[in-house]
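Have a look at the structure below, then the notes.
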Amino acid sequence: MRLLGNDKISGEAHPDEHEFSESGRALNRWFDEHARDLPWRAPEVTPWGVLVSEVMLQQTQVERVRPVWEEWIHRWPDPSALAEEPLAEALRAWGRLGYPRRAARLHEAARVIVREHDGRVPDRLDALLALPGVGAYTARAVLAFAFGQRSPVVDVNVRRVLRRVWHGEADGPARAADLPDALALLPEDPDEASKLSAALMELGQVVCAPESPNCDICPINPCRWARAGKPAAQAPAGRRAPRYAGSDRQARGAILAALRESADPLRKAALDQAWLINPAQRERAIASLIDDGLIHVDGEERVALGPAEQR
DNA sequence: TTCCGGGGAG
DNA sequence: CTCCCTGGAA
């Protein structure tokens, strides 16, 4: 049952197919019992609901996404509903999720879906990848979680699980082989395969954490990584992440927040109060927000949410 | 490679 | 304080 701990495969570069199906089944059984009750996993959720959840979850924790997703889906239950809305409304509803360009891309994606796909989220990889804001991860996640396809889904969590459980090594930078590795791991049956994709993510989030993983409750313990002594990942050499406090990003966030909370466009003098720390930085932030199409200056020299031309 | 938010855990 | 989180695009 715990074939990843089986001695007969130790030393091989890759586990054989038999081991795969066994550990995969164990993982799916674990998922059946322990999967978190997330709203976008409910059976009645549409592919649109899944797409919205995946975009919101990019670099954003589950518990922060949950309430915003609920509001979006209630308000815009299908792509055409969002497509008919001005971007400003989508930005307001985005709230403090962060990376507001995601809201703009999702809004544009809704319009592309209406225009080119008859209002339905496409179920083909190339068509999904062509949507704004949809990359290699999100496209395959939609195929797996919205359409139940056998689709390799590799985010940072799955990558870590693959490195540890599959290769018996520490996590490391993304490799070209990650996607083929993930695909090889999936069983042929689409239902089991898509479930395993979700289970791998769940395991990485809840159990196989970057630091201090909870191996005691892991359904495939001991895995190769555990037997290898749980080697630690190398610290990403290079310089540390820039501070957020006082950054241009924080300035953008403050300006956008002021506009979200105002029913009407704001004069520049009013916006000054949104970021008093550094006027030059404030102007830089405003310019970059305009450049991103998230705000514009209207005919009365006031700053407003959304792009200059609405529809 | 770098930029892009924001919150929360440690 | 630092680090991490279901990435995407230029």
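Here is how names work: the chains are called A, B, and so on, in the same order as the sequence lines, proteins then strands, and each is numbered from 1.
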Could you check whether A:Val62 gets within reach of a base, just the sugar-phosphate, or nothing at all, counting any heavy atom under 4.0 Å?
base
Checking the side chain of A:Arg267 only, and the main-chain atoms of A:Glu301 only, is there a donor and an acceptor separated by less than 3.5 Å?
no
A:Gln61 or A:Pro132: which one's nearest nucleotide on DNA chain C is closer to the 5' end?
A:Gln61
Taking any heavy-atom pair under 4.0 Å as a contact, classify A:Glu63: base, sugar-phosphate, or nothing.
nothing
Considering only heavy side-chain atoms of A:Pro210, the closest of C:dG8, C:dC4, B:dG5 is C:dC4
Mind calculating the distance between CD1 (A:Ile290) and P (B:dC4) to the nearest angstrom?
15 Å
With respect to the side chain of A:Arg105, which nucleotide from B:dG6, C:dA9, B:dG5 is positioned closest?
C:dA9
Please check: side-chain N/O of A:Ser288 versus main-chain N/O of A:Ala285, any donor-acceptor pairing under 3.5 Å?
yes
Students often get this wrong, so: under 4.0 angstrom with heavy atoms, is A:Gly135 touching a base, only sugar-phosphate, or nothing?
sugar-phosphate
Could you state the CG-P distance from A:Leu256 to B:dC4, rounded to the nearest angstrom?
13 Å
Of the options C:dG7, B:dG7, B:dC4, whose atoms approach the side-chain atoms of A:Arg64 most closely?
B:dG7
Does the side chain of A:Tyr244 get closer than 4.0 angstrom to OP1 or OP2 of B:dG5 through an N or O atom?
no
Side chains of A:Glu85 and A:Trp76, donor plus acceptor under 3.5 Å
yes
Hey, does A:Trp40 reach any base, or is it just sugar-phosphate, or nothing, if we go heavy atoms under 4.0 Å?
base
Other residues, nucleotides, ligands: >12 heavy atoms within 6.0 Å of A:Arg124 CZ
no
With a non-hydrogen cut-off below 4.0 angstrom, is A:Val134 in contact with a base, only sugar-phosphate, or nothing?
sugar-phosphate
In terms of the nearest nucleotide of DNA chain C, which residue is placed more toward the 5' end: A:Ser53 or A:Gly133?
A:Ser53
Reckon A:Ala141 touches a base, only the sugar-phosphate, or nothing at all at heavy-atom distances under 4.0 Å?
nothing
Does A:Arg101 have a side-chain nitrogen or oxygen under 4.0 Å from the phosphate oxygens OP1 or OP2 of C:dA10?
no
When all nucleic acid strands are considered with a 4.0 Å heavy-atom cut-off, which category describes A:Leu97: base, sugar-phosphate, or nothing?
base
Please check this pair: side chain of A:Arg102 against backbone of A:Val55, looking for a donor-acceptor N/O pair closer than 3.5 Å.
yes
Against the side chain of A:Thr138, the closest entry in B:dG6, C:dG7, B:dC4 is C:dG7
Can you see if the side chain of A:Gln59 gets near the phosphate of C:dG7 - specifically, an N or O under 4.0 Å from OP1 or OP2?
yes
Using the P atom as the reference point in each nucleotide, state the distance between C:dA10 and B:dG5 in Å, no decimals.
15 Å
Where the side chain of A:Arg243 is defined as all heavy atoms beyond and including C-beta, which of B:dG6, C:dG7, C:dC1 is the nearest nucleotide?
C:dC1
